[in-house]
Amino acid sequence: MKAPTTRPFEASDVDGAAGLLAARHRRDRAGEAALDPGFAEPAVCAALLQDSWERGARGAVAETADGALAGYLIAVPGDDVRGRHVWTGPGHYAAHDGDILRGLYADLSGPWLGEGRLHHYAVAAAHDLPVWLSQCFAYEQVHAVTDLTAGAAGFHDDVRAAGPSDLAALEPLFRLVADAHTGPPVFAFIEPSFHEGLRPGHLELLEDPAVSYWLTEGPEGVRGFCVMRPVPDDEVSLTAPRGSVELLLAATAPGYRGGGVGRRLTEHALADAARNGFRVCVTDWRAANPLSSAFWPHRGFRPVAHRLHRLLDPRLSRG
């Protein structure tokens with residue numbers, strides 16, 4: 001059988017690509033039922049891809065001899081804190097098999113290098129990890145889900161709801177997540193200005209009636225916190241189902257790690273979300289963070305996708 005040929009992705013390819021993406025998502029849902037069923041419908045995927053096209057996503061399609069689409073790969077170019085890059089989101093690719101996806105990346109990666117885009121990002125469904133890893137991508141972020149079951153077993157007396165009046169007591173813990181990411185072994189770059197927004201950002205969360213902000217404390221102060229918020233409709237995606245709740249932030253003071261503080265906070269937050277009618281919780285964490293990578297899977301979170309990163313050798317772009 002003749003191998004598919006590639007050509008640039010055009011606006012007229014949205015519907016054909018949507019059919020491929022819907023089929024991919026049905027496969028993914030067969031392995032993880034918590035994923036949003038809406039994206040198993042081509043019309044929903046077409047709306048996603050049309051929005052991506054209007055936001056500047058471009059790429060290529062693989063076409064069979066009779067003109068049918070066998071795969072597509074698109075990416076949004078960017079120039080920001082991530083460097084000069086391309087971003088392939090969770091709905092930005094689908095193919096009949098891994099060889100077609102590899103061929104599409106091979107055709108596109110050269111022009112991306114020609115534009116000086118050395119950073120290549122891709123949010124890959126768990127099922128497709130071997131294909132992307134074979135192209136020298138590496139793990140960066142884990143996207144995961146867990147099921148919520150209503151019941152009183154998860155509630156703890158030492159966990160309480162926080163409010164705006166707790167802002168000052170919480171503030172010593174605000175930098176913990178960022179510091180864990182900028183230090184070894186994660187070494188993520190965070191703009192210094194990010195820290196200036198921590199206090200107003202947490203105050204906004206504490207004042208938001210839709211957000212559940214939990215803390216546990218002792219005589220010496222706050223020992224940890226956990227923040228939950230409903231996933232907004234405009235953030236529903238292939239990795240964040242409609243009607244789910246997001247575990248947005250969580251941190252435990254260093255002196256209390258390993259003593260059950262984080263576990264009790266998480267259990268309480270998940271039990272409260274279940275009591276309020278949520279059936280799925282989503283969260284994400286840095287793959288290189290040893291604390292997160294051990295903690296969240298033990299809390300029942302199952303990876304559904306991984307954000308991957310490939311950095312091309314800067315010497316390739318000289319001249």
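All heavy atoms count here, side chains included; hydrogens, waters and symmetry mates do not. Computed from a predicted structure; not experimentally measured.
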Practice task
Apply salt bridge (Lys or Arg N to Asp or Glu O under 4.0 Å) to Glu41 and list each qualifying residue two or more places apart in sequence or on a separate chain.
Solution key: none
Exercise for the section: Establish, from distance only, whether the side-chain atoms of His92 and Ser52 form a donor-acceptor pair under 3.5 Å. Expected result: yes
Handout entry: Side-chain donor or acceptor of Thr266 paired with backbone N/O of Gly262 under 3.5 Å
Key = yes
Practice task
Please answer whether the main-chain N or O of Leu104 pairs with a side-chain N or O of Thr6 as donor and acceptor at a distance below 3.5 Å.
Solution key: no
Practice task
Would you kindly confirm whether Val211 and Trp214 end up in one hydrophobic cluster when ILVMFWY residues are joined by side chain heavy atoms under 4.5 Å apart?
Solution key: no
Handout entry: Approximate separation, where rounding is to 0.5 Å, of Leu291 CG and Thr252 OG1
Key = 9.5 Å
Exercise for the section: Check whether the side chains of Tyr72 and Glu63 place a donor and an acceptor atom closer than 3.5 Å, and report yes or no. Expected result: no
Handout entry: Atom pair CG/OG of Leu248 and Ser212 - distance to nearest 0.5 Å
Key = 11.5 Å
Practice task
Look at Arg242 together with Asp233 and state whether they make a salt bridge at an N to O cut-off of under 4.0 Å.
Solution key: yes
Problem - Spacing of Leu270 atom CG and Cys281 atom SG [to the nearest 0.5 Å] - result: 5.5 Å
Completion exercise
To the nearest 0.5 Å, atom CZ of Arg84 lies from atom OG of Ser317 at 10.0 Å
Handout entry: His85 and His120: side chain donor to acceptor below 3.5 Å
Key = no
Exercise for the section: Give the intermediate values and the outcome of salt bridge (charged side-chain N to carboxylate O under 4.0 Å, His left out) for residues Glu140 and Arg310. Expected result: CA-CA 10 Å; Glu140 184 171 270; Arg310 184 185 186 192; over 6 Å; no
Handout entry: Arg264/Asp157 salt bridge by N-O under 4.0 Å criterion
Key = no
Exercise for the section: Using the ring of Phe174 (Phe, Tyr or Trp, six-membered ring only), decide whether Arg199 places NZ or CZ under 6.0 Å from its centre and within 45 degrees of its axis. Expected result: no
Practice task
Would you kindly say whether His156 and Glu267 are connected by a side-chain donor-acceptor distance under 3.5 Å?
Solution key: yes
Fill in the blank from the handout: Value for NE2 (His96) from CG (Leu69), rounded to nearest 0.5 Å, stands at 8.5 Å
Exercise for the section: Flag this pair as yes if the NZ/CZ of Arg307 is under 6.0 angstrom from the six-membered ring centre of Trp87 and inside a 45 degree cone about the axis; otherwise no. Expected result: no
Exercise for the section: In sequence, state the C-alpha distance, the side-chain angles, and the governing distance for Leu21 and Phe39, and then conclude on side chain to side chain contact (heavy atoms under 4.5 Å, CB included). Expected result: CA-CA 8 Å; Leu21 179 57; Phe39 292 98; 5.7 Å; no
Fill in the blank from the handout: Distance col, row Asp13:CG vs Leu49:CG, nearest 0.5 angstrom, shows 10.5 Å
Exercise for the section: Would you please indicate if the ring centroids of Tyr93 and Trp132 are separated by under 6.0 Å? Expected result: yes
Problem - Residue that, paired with Tyr213, satisfies side chain to side chain contact (heavy atoms under 4.5 Å, CB included) out of His202, Met228, Glu207 - result: His202
Practice task
Check whether any side-chain N or O of Thr64 sits under 3.5 Å from a backbone N or O of Ala68 as a donor-acceptor pair, and report yes or no.
Solution key: yes
